[in-house]
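In what follows, a single structure is set out as structure tokens and then discussed.
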There are 2 protein chains.
Amino acid sequence: MPKKLYSDIYDTLKQEINKQVYQPRNTLPGEEELASRFDVTRNTVRRALKELQSDGLVYAVKGRGVVVLEPIRDDRVVFQAENTEGFEALRNFPQNKFIQRLSTDVLTFEEVEVDEELEKLTSFNTGDVAYFVERLRLFDGKALAVDNSYFRKSLLGDMTREDAEKSIYEYIRDNGLFKIAAERSTTTVESATKRDLQVLDVGDMNCVGALTKFVYTDTGRLFEHTQTRYVPNHFSMVDFKSF
Amino acid sequence: MPKKLYSDIYDTLKQEINKQVYQPRNTLPGEEELASRFDVTRNTVRRALKELQSDGLVYAVKGRGVVVLEPIRDDRVVFQAENTEGFEALRNFPQNKFIQRLSTDVLTFEEVEVDEELEKLTSFNTGDVAYFVERLRLFDGKALAVDNSYFRKSLLGDMTREDAEKSIYEYIRDNGLFKIAAERSTTTVESATKRDLQVLDVGDMNCVGALTKFVYTDTGRLFEHTQTRYVPNHFSMVDFKSF
DNA sequence: GAGTGGTCTAGACCACGGT
DNA sequence: CCGTGGTCTAGACCACTCC
């Protein structure tokens with residue numbers, strides 16, 4: 001039944017850490033010992049441990065062992081875990097209690113040809129045709145974010161405004177076009193533009209957070225460029241690095 | 001001479017991708033073929049490929065191959081690559097042309113006892129003694145960021161204001177106290193506080209970017225909590241995810 | 001010196017994509 | 001079907017930390 005051994009081990013150890021079977025600042029049992037406990041090779045155990053480390057739960061030190069890190073209390077509010085994933089993902093998040101309070105307005109939907117300026121922004125090629133979609137994201141009717149997206153038409157075929165109003169990712173799946181492989185994003189804080197002030201409920205804030213995202217298909221093609229501009233005080237983005 | 005085979009392979013392939021020996025949207029040679037080329041096992045090749053993937057250069061698809069992703073043009077300005085690493089790291093960045101234009105002012109240096117409120121913020125334990133350090137980061141004399149840091153005293157021993165004025169990380173290294181293992185950070189956009197307006201050159205902006213960072217020692221102890229508050233339009237943070 | 005994680009080899013079988 | 005990457009085994013040797 002266990003399809004992937006290492007992810008079973010990962011789950012088990014993660015639970016045990018949360019239940020304090022292994023306590024912060026102590027080390028886990030050695031890799032050899034875990035290997036015999038789960039009846040797998042050391043390599044498989046190592047793989048699970050690596051995943052725990054990239055989650056920020058443990059940290060391995062040569063010659064000492066795998067140390068359980070002290071936990072961090074975090075009582076963030078709206079939009080905690082989400083992030084570079086966009087609203088589509090947010091709404092499908094099972095743990096998300098806010099789904100019903102979220103909605104989307106498609107403000108703009110049009111075809112544009114990529115010129116030099118747009119090439120600089122999107123990294124698409126000059127001459128490409130792209131869909132430009134501007135979507136307003138509402139929470140309890142408040143306009144908290146706006147997505148400015150460009151999609152390469154050559155990869156999407158003929159898409160309609162109605163498709164965009166539902167979910168573009170759903171459209172891609174339903175038509176079996178391709179799979180999403182990866183995304184690269186950068187986060188900044190910027191002055192609010194006139195358009196921001198027009199469409200977003202920024203209150204008396206005069207700047208916005210900006211999340212710029214490039215998305216790849218599984219054939220290596222850059223297919224989407226989205227800049228999400230959002231009202232301060234409502235979003236957060238988490239990260240973990242080990243050295 | 002090659003200490004780590006996989007990182008040699010990683011370097012080689014990375015160069016070849018940049019030189020367009022392997023072009024965007026094409027696949028790399030198969031893992032087996034690369035293994036025989038570099039005269040290593042497939043596992044070792046896979047390790048190098050995994051690293052390339054986490055850099056966002058390639059993406060592996062089962063049954064098809066390892067695809068080279070189309071590159072992204074990016075002409076960001078000040079403080080490009082840096083980020084959750086803090087100013088210490090920024091200044092030691094070899095490629096950084098701005099070093100000489102950067103400086104730090106220690107505004108506050110004091111010992112505090114952790115109470116309940118501070119425990120909520122820092123995840124330190126009530127009753128701990130911590131150093132509170134407020135450092136202003138200047139670029140060409142302009143105050144672009146302020147760091148509010150708490151360090152657990154029990155891990156640092158007797159540190160002076162002078163140590164903080166140089167570099168706390170240097171202090172830790174020189175005294176052989178411990179190694180930095182990992183850090184967890186969250187990024188948000190927040191309203192500017194009175195203090196922000198006092199010390200930062202925000203101009204007419206009324207909000208700031210906030211980067212909250214928890215840092216661990218290699219024995220698993222949470223030892224630093226820093227919130228960097230920075231002026232809009234000068235910073236960016238990059239990220240890459242694959243699915 | 002004993003025990004830990006880090007690197008690497010040489011095999012094997014499977015799931016998936018394209019033909 | 002064949003070739004691809006994904007998972008896993010069963011060993012080996014090394015570098016490091018701690019006692």
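All of these numbers come straight from a predicted model, not from anything done at the bench. Every chain is numbered from 1, with letters handed out A, B, ... down the list of sequences.
- Side-chain N or O atoms of A/E70 include one that pairs as donor or acceptor with a backbone N or O of B/L222 at under 3.5 Å.
- Closest approach to the B/R64 side chain among C/dG17, D/dG5, D/dT9 is made by C/dG17 (side chain taken as heavy atoms from C-beta onward).
- Outside the 6.0 Å centre-distance limit, the rings of A/Y150 and A/Y131 are not counted as a close aromatic pair.
- Listed pair B/T44 / C/dT9 meets the phosphate criterion, a side-chain N or O lying under 4.0 Å from OP1 or OP2.
- Distance CD (B/E31) to P (C/dC8): 16 Å, rounded to an integer number of Å.
- For A/Y6, a side-chain nitrogen or oxygen approaches OP1 or OP2 of D/dT7 to under 4.0 Å.
- Which of D/dT9, D/dG5, C/dG5 sits closest to the side chain of B/A60 comes down to D/dG5.
- Considering only side-chain atoms of A/K4, the nucleotide from D/dG5, C/dA10, D/dC8 that sits closest is D/dC8.
- Between A/R46 and C/dG5 there is no side-chain polar atom (N or O) within less than 4.0 angstrom of OP1 or OP2.
- Checked against D/dA10, D/dT17, C/dG6, the side chain of A/K62 finds its nearest nucleotide in C/dG6.
- One finds a side-chain N or O of B/K179 lying less than 4.0 angstrom from the OP1 or OP2 phosphate oxygen of D/dT17.
- B/R42 contributes no side-chain N or O that forms a donor-acceptor pair with the base of C/dG11 under 3.5 Å.
- At whole-Å resolution of the value, NZ in A/K50 and P in D/dT7 are 12 Å apart.
- Side-chain atoms of B/S167 come within 3.5 Å of backbone N or O of B/E170 as a donor-acceptor pair.
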